[in-house]
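A short worksheet on the structure shown next.
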Amino acid sequence: MKILEYPNEILRKKSKEVKDPTSTEIKQLILDMIKTLRSNNGLGLAAPQVGKNLKICIIEIENELFVLINPEIKSLAGEKILSEEGCLSFPNKFLNIERYKRVKVRATDLNGKKQIIRARGLLARAIQHEVDHLDGVLIVDRCTDEESK
Ligand code: ZN
């Protein structure tokens, strides 16, 4: 799939709830997203980045794949950590962004099962980044360093 790049307006739209997470259509979309993420050596990908305004994002860190359908952040905790972050929709751009150290998120998985994921560190950062995409929020909105925008 082609990855949309900033400032494509689809990236700015709020994504819609997935009504039937186990439908063939959604499963196929997720498989295509996984292929796209891997072929671009990314860490995470949200459906709007491939032109679908649906609440789906995937993250793969150290060969562990997370599929989050209709994710809802339940809590953000710990100190905020400043670190360089990239995004497949902003090729070759890295911005310093503050994210919470820990996150608790509720989401539906590939099998239609609701789960709670508690994450910290890089996974917590990736979840916050990808869930932002579903709200139309991008790294340029989170960056406090004016000069790098
Ligand atoms: Zn991104």
Side-chain angles (χ1 to χ4, degrees), residues 1-18 21 25-110 115-149:
M1 301 179 100
K2 190 180 168 306
I3 295 181
L4 304 183
E5 290 177 9
Y6 180 77
N8 191 301
E9 65 181 29
I10 291 177
L11 296 171
R12 286 303 194 180
K13 284 192 189 152
K14 279 204 176 239
S15 288
K16 291 198 174 83
E17 193 96 353
V18 176
E25 212 185 335
I26 294 298
K27 283 199 166 147
Q28 189 57 52
L29 170 61
I30 292 168
L31 291 177
D32 291 342
M33 284 174 66
I34 295 170
K35 265 190 221 160
T36 307
L37 177 69
R38 289 178 178 162
S39 64
N40 286 280
N41 297 309
L43 208 79
L45 184 69
Q49 292 180 280
V50 291
K52 308 275 182 194
N53 282 114
L54 289 169
K55 289 192 175 180
I56 302 171
C57 56
I58 60 171
I59 294 167
E60 192 167 49
I61 294 177
E62 289 167 1
N63 297 318
E64 197 174 353
L65 179 71
F66 298 87
V67 174
L68 308 181
I69 304 169
N70 300 330
E72 282 171 73
I73 290 189
K74 290 300 186 187
S75 71
L76 292 163
E79 68 266 44
K80 280 184 160 182
I81 296 166
L82 191 67
S83 182
E84 222 173 47
E85 212 171 284
C87 178
L88 292 174
S89 295
F90 293 82
N92 305 314
K93 190 167 181 120
F94 294 91
L95 298 178
N96 278 312
I97 294 174
E98 273 191 313
R99 301 279 188 190
Y100 286 95
K101 191 176 181 179
R102 297 200 305 271
V103 62
K104 187 166 105 178
V105 64
R106 191 168 75 154
T108 300
D109 68 14
L110 259 181
Q115 51 176 349
I116 294 273
I117 299 170
R118 288 179 181 81
R120 52 172 61 229
L122 186 58
L123 179 58
R125 174 170 291 273
I127 290 171
Q128 290 167 75
H129 178 116
E130 299 309 329
V131 173
D132 266 357
H133 272 297
L134 306 180
D135 293 323
V137 175
L138 302 169
I139 51 173
V140 285
D141 308 322
R142 293 287 189 195
C143 183
T144 47
D145 180 4
E146 286 298 323
E147 280 180 28
S148 59
K149 279 189 186 178

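Atoms within each ligand, like the ligands themselves, are counted from 1 in listed order. These figures come from a predicted structure and were not determined experimentally.
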Problem - Electrostatic pair Glu85-Arg125, nearest N-O below 4.0 angstrom - result: yes

Problem - Pair Gln128-Asp132, side-chain donor/acceptor within less than 3.5 Å - result: no

Exercise for the section: Verify the distance criterion only: is there a donor paired with an acceptor across the side chains of Ser89 and Glu5 at less than 3.5 Å? Expected result: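 Ser89 vs Glu5: no donor-acceptor pair found between side chains.
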
Handout entry: salt bridge (Lys or Arg N to Asp or Glu O under 4.0 Å) against Lys74, all qualifying residues, sequence neighbours excluded
Key =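 Scan of Lys74 (salt bridge (Lys or Arg N to Asp or Glu O under 4.0 Å), adjacent residues dropped) gives Glu72.
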
Handout entry: Under-2.8 Å protein N/O/S neighbours of the Zn ion (ligand 1), ordered by chain then residue number
Key = Cys87 SG, His129 NE2, His133 NE2

Exercise for the section: Please check if atom CD in Glu25 has more than 12 non-hydrogen atoms from other residues, nucleotides or ligands closer than 6.0 Å. Expected result: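 Result for CD/Glu25: open.
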
Practice task
For the pair Gln49 and Leu11, evaluate side-chain contact (heavy atoms from CB on, under 4.5 Å) and give the outcome as yes or no after the intermediate values.
Solution key: CA-CA 6 Å; Gln49 292 180 280; Leu11 296 171; 4.0 Å; yes

